[in-house]
Amino acid sequence: QVQLVESGGGLVQAGGSLRLSCAASGRTSSVYVMGWFRQAPGKEREFVAGISWSGSGTIIADSVSGRFGISRDSAKKSLFLQMNSVEPEDTAVYYCAAREGYRVIMERRYDYWGQGTQVTVSS
């Protein structure tokens with residue numbers, strides 16, 4: 001099994017920046033793709049960004065393209081989401097996810113999930 005723990009969430013002013021982190025542990029050798037999803041109250045969980053562990057493929061959702069960036073540190077088995085020029089609509093619980101497949105996908109077909117970290121953007 002794989003365990004995922006998110007950190008870095010909090011309160012940030014509109015137009016500011018925030019950096020989220022995700023630490024993976026356990027049977028991490030079986031994981032090839034990791035990504036970020038978010039969910040606001042009363043809304044469906046939606047894809048934000050994903051990256052292959054080797055760095056050969058990256059997908060960024062259109063809603064955050066140009067503002068958010070995704071990266072990983074293979075040696076430390078960590079995933080990051082850099083959030084710039086944040087807007088009130090970015091307010092949500094952000095979840096780290098991992099899958100054993102090789103392809104980055106935007107659907108919620110991931111094998112492992114973290115418990116989430118709250119991001120609140122004030123205006």
Side-chain angles (χ1 to χ4, degrees):
Q1 295 293 308
V2 174
Q3 294 79 47
L4 305 174
V5 180
E6 305 95 335
S7 63
L11 178 65
V12 62
Q13 185 177 345
S17 298
L18 201 65
R19 182 178 173 86
L20 305 184
S21 300
C22 174
S25 61
R27 193 177 173 81
T28 57
S29 61
S30 65
V31 172
Y32 297 97
V33 172
M34 297 184 71
W36 292 96
F37 288 76
R38 67 184 183 184
Q39 185 170 24
K43 302 291 185 179
E44 295 289 325
R45 188 172 301 185
E46 65 176 356
F47 175 84
V48 177
I51 187 171
S52 64
W53 205 240
S54 66
S56 61
T58 302
I59 297 178
I60 307 294
D62 290 341
S63 60
V64 301
S65 180
R67 299 188 298 118
F68 291 8
I70 188 170
S71 61
R72 86 280 184 269
D73 185 330
S74 298
K76 296 183 178 181
K77 297 180 175 60
S78 300
L79 181 73
F80 307 96
L81 182 68
Q82 181 64 48
M83 306 169 62
N84 298 322
S85 301
V86 296
E87 304 169 351
E89 65 184 18
D90 295 320
T91 295
V93 176
Y94 284 71
Y95 296 90
C96 178
R99 67 189 302 263
E100 297 180 349
Y102 296 100
R103 191 188 309 274
V104 175
I105 60 175
M106 301 178 69
E107 295 75 27
R108 298 186 294 274
R109 299 191 185 94
Y110 283 70
D111 301 296
Y112 308 101
W113 295 86
Q115 295 187 11
T117 184
Q118 176 71 48
V119 172
T120 302
V121 181
S122 64
S123 59

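In this text the structure is predicted, and so the values were computed from the model without any measurement.
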Locate the shortest heavy-atom distance separating I51 from V104; write the atom from each residue and the value. C-CG2, 3.7 Å
Can a donor-acceptor pair be found, under 3.5 Å and without considering hydrogens, that links the side chain of Q82 to the backbone of G69? no
Main-chain N/O of G57 paired to S52 side chain as donor or acceptor, under 3.5 Å: yes
With sequence neighbours left out, what residues match S122 under side chain to side chain contact (heavy atoms under 4.5 Å, CB included)? L11, Q13
For E107, side chain to side chain contact (heavy atoms under 4.5 Å, CB included) partners two or more places apart: I105, R109
Mind checking whether W36 and F68 sit in one hydrophobic cluster, side chains of I, L, V, M, F, W, Y counted as touching below 4.5 Å? yes
Apply side chain to side chain contact (heavy atoms under 4.5 Å, CB included) to residues Q118 and T91 and explain how you reach the verdict. CA-CA 8 Å; Q118 176 71 48; T91 295; 4.1 Å; yes
dist R103:CZ -> I59:CD1 (nearest 0.5 Å) comes out at 9.0 Å
How close do G101 and V33 get, counting heavy atoms only, and between which atoms? O-CG2, 3.5 Å
Could you list the residues that satisfy side chain to side chain contact (heavy atoms under 4.5 Å, CB included) with P41, not counting sequence neighbours? none
Are any of the side-chain heavy atoms of I70 and L79 separated by less than 4.5 Å? yes
For a 4.5 angstrom cut-off between non-hydrogen side-chain atoms, does D73 reach F80? yes
Rounded at 0.5 Å granularity, tell me how far CD in Q3 sits from SG in C96. 12.0 Å
Measure from the side-chain N and O atoms of Q115 to the backbone N and O of V5, and report whether any donor-acceptor pair falls under 3.5 Å. no
Strictly distance-based, threshold 3.5 Å: is any side-chain N or O of R45 a donor or acceptor partner for the main-chain N or O of R108? no
Heavy-atom pair of closest approach, residues M106 and F47: O-CB, 3.3 Å
Which donor-acceptor pairs under 3.5 Å do side chains of residues 16-23 form with protein atoms, sequence neighbours excluded?
from: S17; atom 1: OG; to: N84; atom 2: OD1; distance (Å): 3.0

Using the rule that two of Ile, Leu, Val, Met, Phe, Trp, Tyr join whenever any of their side-chain heavy atoms come within less than 4.5 Å, decide whether V119 and V93 are in one cluster. no
Among residues at least two apart in sequence or on other chains, which ones pass side chain to side chain donor-acceptor pair (under 3.5 Å) with R38? E46, D90, Y94
Show me the pairs that pass ring-ring contact (aromatic ring centres under 6.0 Å, His included) and involve residues 97-123, at least two apart or across chains. Y32-Y102, F37-Y110, F37-W113
Considering non-hydrogen atoms only, spot the tightest contact between V121 and P88 and give its length. CG1-N, 3.7 Å
Supply the atom-to-atom distance M34 CE to T28 OG1, rounded to the nearest 0.5 angstrom. 9.5 Å
